[in-house]
2 protein chains.
Amino acid sequence: MGLNVSMSVLRRLNIEALLRHAFTSGTFTAAEAMEATSLTRATVLGLCDELTVAGWIEEAEDSRAAGLSRRGRPARRHRLRAGAGLVIGVDAGRSGYRAMAADLRGAALATARRELDPATVDRELRISTVQELVREVREASASTAPLLVTVIGIPAPVDSHGASPIEVGTFWRLMNSGFPAHLDGPVVVENDANLSALAEHAQHPEVNMATLLVGERIGAGLMVDGHLLHGALGGAGEMRFLEAALQDDIGAEGVASLARRWTLEGLATGRSSPALAAIPADALSAVDVFAAGQAGDELARDVLDRIGERIARIAAILVSLLGVERIVMAGAVASSLEPVLQRTREVLPDIAYAPFPELVASGLGRDVVVRGAIEHAVSRLREDPLALLDPPT
Amino acid sequence: MGLNVSMSVLRRLNIEALLRHAFTSGTFTAAEAMEATSLTRATVLGLCDELTVAGWIEEAEDSRAAGLSRRGRPARRHRLRAGAGLVIGVDAGRSGYRAMAADLRGAALATARRELDPATVDRELRISTVQELVREVREASASTAPLLVTVIGIPAPVDSHGASPIEVGTFWRLMNSGFPAHLDGPVVVENDANLSALAEHAQHPEVNMATLLVGERIGAGLMVDGHLLHGALGGAGEMRFLEAALQDDIGAEGVASLARRWTLEGLATGRSSPALAAIPADALSAVDVFAAGQAGDELARDVLDRIGERIARIAAILVSLLGVERIVMAGAVASSLEPVLQRTREVLPDIAYAPFPELVASGLGRDVVVRGAIEHAVSRLREDPLALLDPPT
DNA sequence: AGCATTAAATCTAGCAACTGAATTTAACGG
DNA sequence: CCGTTAAATTCAGTTGCTAGATTTAATGCT
């Protein structure tokens with residue numbers, strides 16, 4: 001498999017155009033490809049043959065067999081050969097690690113996960129864990145296809161080149177453990193909230209949106225004008241500004257953390273809550289608070305409302321400053337967030353101006369980051385197919 | 001003047017590459033162009049001849065005459081023919097109108113300005129004013145070159161397509177007066193703060209920056225990862241979020257307005273200020289406050305400090321949320337802002353985290369918007385030279 | 001003045017790759 | 001079995017690049 005290493009600029013250009021069409025259009029006829037690439041039939045079919053031999057695309061059933069034409073000679077049809085390459089996405093969180101292998105179209109082939117105690121994890125353990133997960137999903141995918149890209153999401157800012165700033169302390173450095181050097185093939189490191197944003201954006205490609213990845217902390221992935229924002233040192237989407245903006249010391253604390261904090265504060269100031277008071281303070285989890293709220297517990301409801309109001313303030317800033325139309329809450333707790341978002345929608349008109357953004361919870365659950373990683377991998381391929389399919393050297 | 005209308009894709013590509021090089025590199029030799037375009041000498045010189053005939057580039061003195069080589073046959077040198085085209089930038093503000101004509105490199109050839117009473121201005125008057133200014137600078141430029149683009153800056157949000165949202169009330173619609181239909185040649189409409197940002201960004205192309213265009217109101221132009229942010233309905237950079245974020249009702253009020261407001265409030269609460277108390281309330285201007293501050297007036301100093309603190313809060317948000325490294329204050333009052341920015345730099349470490357952004361006042365004065373318009377025009381040309389130099393139809 | 005040296009420009013044949021038109025093929029229906 | 005339709009295939013013609021050989025324009029040395 002592989003194309004002529006040295007080809008003319010023009011041919012390269014046309015092959016790329018054709019591959020891009022293959023990526024976006026499923027099965028296609030020569031006529032469609034002619035339209036997309038503005039080449040003649042002879043050239044398109046020539047390229048298709050070449051790419052078929054190289055293994056990047058394959059011939060599909062013809063237009064008559066597919067029931068698309070009645071008269072005339074049936075058109076040959078081609079499609080991207082999904083099995084021509086493998087991509088792997090990894091969510092290398094603080095404690096939770098997930099990996100997913102997918103084909104060229106982004107269809108999942110295998111997944112794996114692992115939990116580690118963040119207190120005892122060092123760079124070596126992070127690297128070996130990711131190595132193992134990659135190996136696992138690669139084997140489980142039962143694919144002999146070449147691994148084209150591995151995208152790794154980490155909970156630290158990452159700039160456009162995959163680097164994280166050196167912090168006082170070493171948390172970011174620990175998270176950005178230098179994966180590229182320890183894995184096969186091209187490796188892309190990206191911030192986890194950014195990957196969530198890519199996952200959500202893939203479902204609404206034309207929309208300006210912010211994705212808030214919430215959990216113990218909160219981070220935003222910002223998609224404006226079709227671009228993911230990075231900023232200097234990968235700082236875009238960093239939420240520490242909340243401290244300055246909302247003038248409290250909560251900063252980038254996440255929903256789970258706030259749920260616990262405010263519940264315990266409520267209990268400490270003597271508020272009654274049969275459901276929550278029964279749980280020992282160090283065992284209380286966000287899930288408990290959400291459950292109690294669902295069951296009608298008043299303290300829990302207040303806490304959730306307060307979280308909703310906080311999200312409304314964040315939303316007000318994002319909408320006005322960035323012209324965002326849609327805000328997605330993602331992360332493990334996303335599925336429980338509807339009551340919180342209800343409150344957000346309620347108060348938003350009081351603190352912001354129309355048009356108000358859509359506020360939704362992500363439907364991707366714990367897989368957002370890993371799905372975003374796959375999405376990122378596939379869109380890299382789409383944008384520059386030859387760089388990854390037929391790399392130089 | 002004009003190239004072969006129908007040329008091959010490849011030729012088009014190479015011509016574009018060569019023109020791009022001409023735009024960015026001043027005078028160049030064939031060897032340099034070969035490097036930049038990865039074409040052979042024969043091809044580069046062929047293209048240069050063609051473009052010289054077409055009038056887009058011209059031959060300059062050879063490398064020996066320029067003192068660049070001692071041995072061997074001197075290299076022919078070419079450069080963009082600055083006079084091959086004209087671009088015009090317009091700042092169509094609320095009351096102040098400015099226009100500038102420039103050559104292909106962005107060098108100013110002529111300027112013109114006009115003041116109108118905003119209370120009596122309607123769409124027709126705005127259009128005719130801009131038409132007149134364009135005609136004026138075009139004539140004053142003494143250039144017979146074709147007008148390639150006109151870029152118009154307006155104080156209203158503008159989306160990626162040049163449209164402004166329809167507001168309740170009609171201010172934005174009045175500002176975005178449908179200029180393209182009433183002017184010759186391609187016309188681009190853009191938000192004024194965004195154009196300021198382009199003007200500032202041109203001086204530091206690699207830097208993530210926000211430009212705050214301040215006056216009666218405040219608007220931001222955001223350059224992140226080399227892109228100007230627009231957002232839905234052109235809403236990016238809209239500063240009304242400050243109301244929600246800073247929890248006051250000042251919102252997007254600008255420096256000039258705040259200077260007056262807080263001075264009057266100070267005087268009303270009985271603060272003494274020999275300099276400012278003498279000025280009748282309805283005659284007080286921001287310039288007076290800046291002057292009094294300069295002279296050591298205590299009330300004025302307090303007001304300026306307060307403004308500086310407000311800017312610090314804005315800076316804290318921009319830095320954290322967008323990873324901005326540099327914040328430029330632009331607009332008519334920019335040159336007086338140094339004392340304000342001093343205060344901003346002082347308090348920023350208290351409310352934000354390192355790394356802190358550079359905080360500077362724009363050196364472009366009242367011309368920021370119009371310069372940004374020219375910059376925008378030239379960079380459009382640079383990005384897609386053939387579209388404007390040799391338009392289809 | 002004449003000649004070697006250097007570095008560029010120019011000329012040439014050759015070739016890659018696309019286009020357009022003519023021809024062939026693959027179906028169907030009467 | 002033949003006409004019709006719509007596609008694939010073939011092929012000559014053209015564009016536009018490259019690589020290499022040749023020529024040109026300068027300088028400096030003898």
Side-chain angles (χ1 to χ4, degrees), chain A residues 3-19 21 27-54 57-79 386, chain B residues 3-19 21 27-54 57-79 386:
Chain A
L3 262 62
N4 190 344
V5 186
S6 77
M7 64 180 115
S8 86
V9 176
L10 185 54
R11 193 146 192 87
R12 187 169 201 92
L13 207 77
N14 288 337
I15 288 182
E16 268 178 2
L18 186 59
L19 277 176
H21 180 68
T27 311
F28 61 93
T29 64
E32 286 158 14
M34 287 164 66
E35 169 77 28
T37 59
S38 53
L39 294 168
T40 55
R41 165 170 268 108
T43 312
V44 165
L45 287 171
L47 289 177
C48 282
D49 288 346
E50 196 171 332
L51 290 177
T52 304
V53 171
I57 65 175
E58 62 192 357
E59 196 153 356
E61 56 175 7
D62 69 38
S63 66
R64 184 173 312 273
L68 296 171
S69 70
R70 320 217 98 265
R71 283 197 294 273
R73 176 171 178 172
R76 290 169 62 189
R77 289 162 77 239
H78 294 264
R79 65 164 158 258
L386 282 181
Chain B
L3 262 62
N4 191 345
V5 187
S6 77
M7 62 180 116
S8 86
V9 176
L10 184 55
R11 194 144 191 86
R12 187 170 200 90
L13 206 77
N14 288 338
I15 288 183
E16 268 179 2
L18 186 58
L19 277 175
H21 180 68
T27 311
F28 61 93
T29 63
E32 286 157 17
M34 288 164 65
E35 170 76 29
T37 60
S38 53
L39 294 168
T40 56
R41 164 170 269 110
T43 312
V44 164
L45 288 172
L47 289 176
C48 283
D49 288 346
E50 196 172 331
L51 290 176
T52 304
V53 171
I57 65 175
E58 61 192 359
E59 195 154 356
E61 55 174 9
D62 69 39
S63 66
R64 184 173 314 271
L68 298 171
S69 69
R70 318 218 99 264
R71 282 196 294 273
R73 178 173 176 171
R76 290 170 62 191
R77 288 161 77 238
H78 293 264
R79 64 163 159 256
L386 283 181

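Order of the sequence lines fixes the chain letters, A, B, ..., with proteins taken first and strands second; residue numbering starts at 1 for each chain.
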dist A:Leu39:CG -> A:Asn14:CG (nearest 0.5 Å) comes out at 4.5 Å

Distance below 4.0 Å between B:Arg76 side-chain N/O and C:dT10 OP1 or OP2 | yes

Any B:Met7 side-chain heavy atom under 4.5 Å of B:Glu50 side chain = no

Out of D:dT15, D:dA6, D:dT24, which nucleotide sits closest to the side chain of B:Ser8?
-> D:dT15

Counting heavy atoms from C-beta on, name the nucleotide in C:dT6, D:dA8, C:dT10 closest to the side chain of A:Arg73.
-> D:dA8

Just how far, in rounded Å, is C1' of C:dA17 from CG of A:Leu18?
-> 15 Å

Taken to the nearest whole Å, CG/A:Leu39 to C1'/D:dT15 is 15 Å

note: B:Asp62, atom CG; C:dA7, atom C1'; distance rounded to Å ~ 12 Å

May I ask you to verify if any side-chain N or O of A:Arg64 is less than 4.0 angstrom from the OP1 or OP2 atom of C:dA26?
-> no

How about A:Arg12 and A:Ile15: do any of their side-chain heavy atoms sit closer than 4.5 Å?
-> no

Using a heavy-atom cut-off of under 4.0 Å over every strand shown, decide if A:Ala30 touches base, sugar-phosphate, or nothing.
-> sugar-phosphate

B:Leu13 CG - C:dC18 C1' separation (whole Å) = 15 Å

Would you mind reporting whether B:Thr43 and B:Met34 have side-chain heavy atoms less than 4.5 Å apart?
-> no

Assert: residue with more 5' nearest nucleotide on DNA chain C, out of B:Pro74 and A:Arg11, is B:Pro74

May I have the distance from B:Arg71 (atom CZ) to C:dA4 (atom P), rounded to whole angstrom?
-> 18 Å

Considering only D:dT9, C:dC18, D:dG16, which nucleotide approaches the side chain of B:Leu10 most closely?
-> D:dG16

Looking at every strand, decide which applies to A:Ser38 at a 4.0 Å heavy-atom threshold: base, sugar-phosphate, or nothing.
-> sugar-phosphate

Rounded distance (Å) that lies between atom P of C:dA16 and atom CD1 of A:Ile15 | 15 Å

Taking the side chain as C-beta and beyond, is there a heavy-atom pair between A:His21 and A:Glu35 under 4.5 Å?
-> no

Nearest 0.5 Å, what's the OG1-CZ distance between A:Thr29 and A:Arg76?
-> 11.5 Å

Full working for side chain to side chain contact (heavy atoms under 4.5 Å, CB included) between A:Leu47 and A:His78 = CA-CA 11 Å; A:Leu47 289 177; A:His78 294 264; over 6 Å; no

Residue B:Met7, side-chain heavy atoms: nucleotide from C:dA26, C:dA9, D:dG16 that is nearest = D:dG16

Rounded to the Å, how far apart are B:Arg12 CZ and D:dG16 C1'?
-> 16 Å

What nucleotide among D:dC17, C:dA26, C:dA17 has an atom nearest to a side-chain atom of B:Asn14?
-> D:dC17

First locate atom CZ of B:Arg77, then atom CG of B:Asp62, and finally report the distance between them rounded to the nearest 0.5 Å.
-> 8.0 Å

Hey, can you pull the residues of residues 40-48 of chain B with a non-hydrogen atom under 4.0 angstrom from DNA chain C?
-> B:Arg41, B:Ala42, B:Leu45

Choose from D:dT5, C:dG29, C:dA8 the nucleotide whose nearest atom is closest to any side-chain atom of A:Arg70.
-> C:dG29

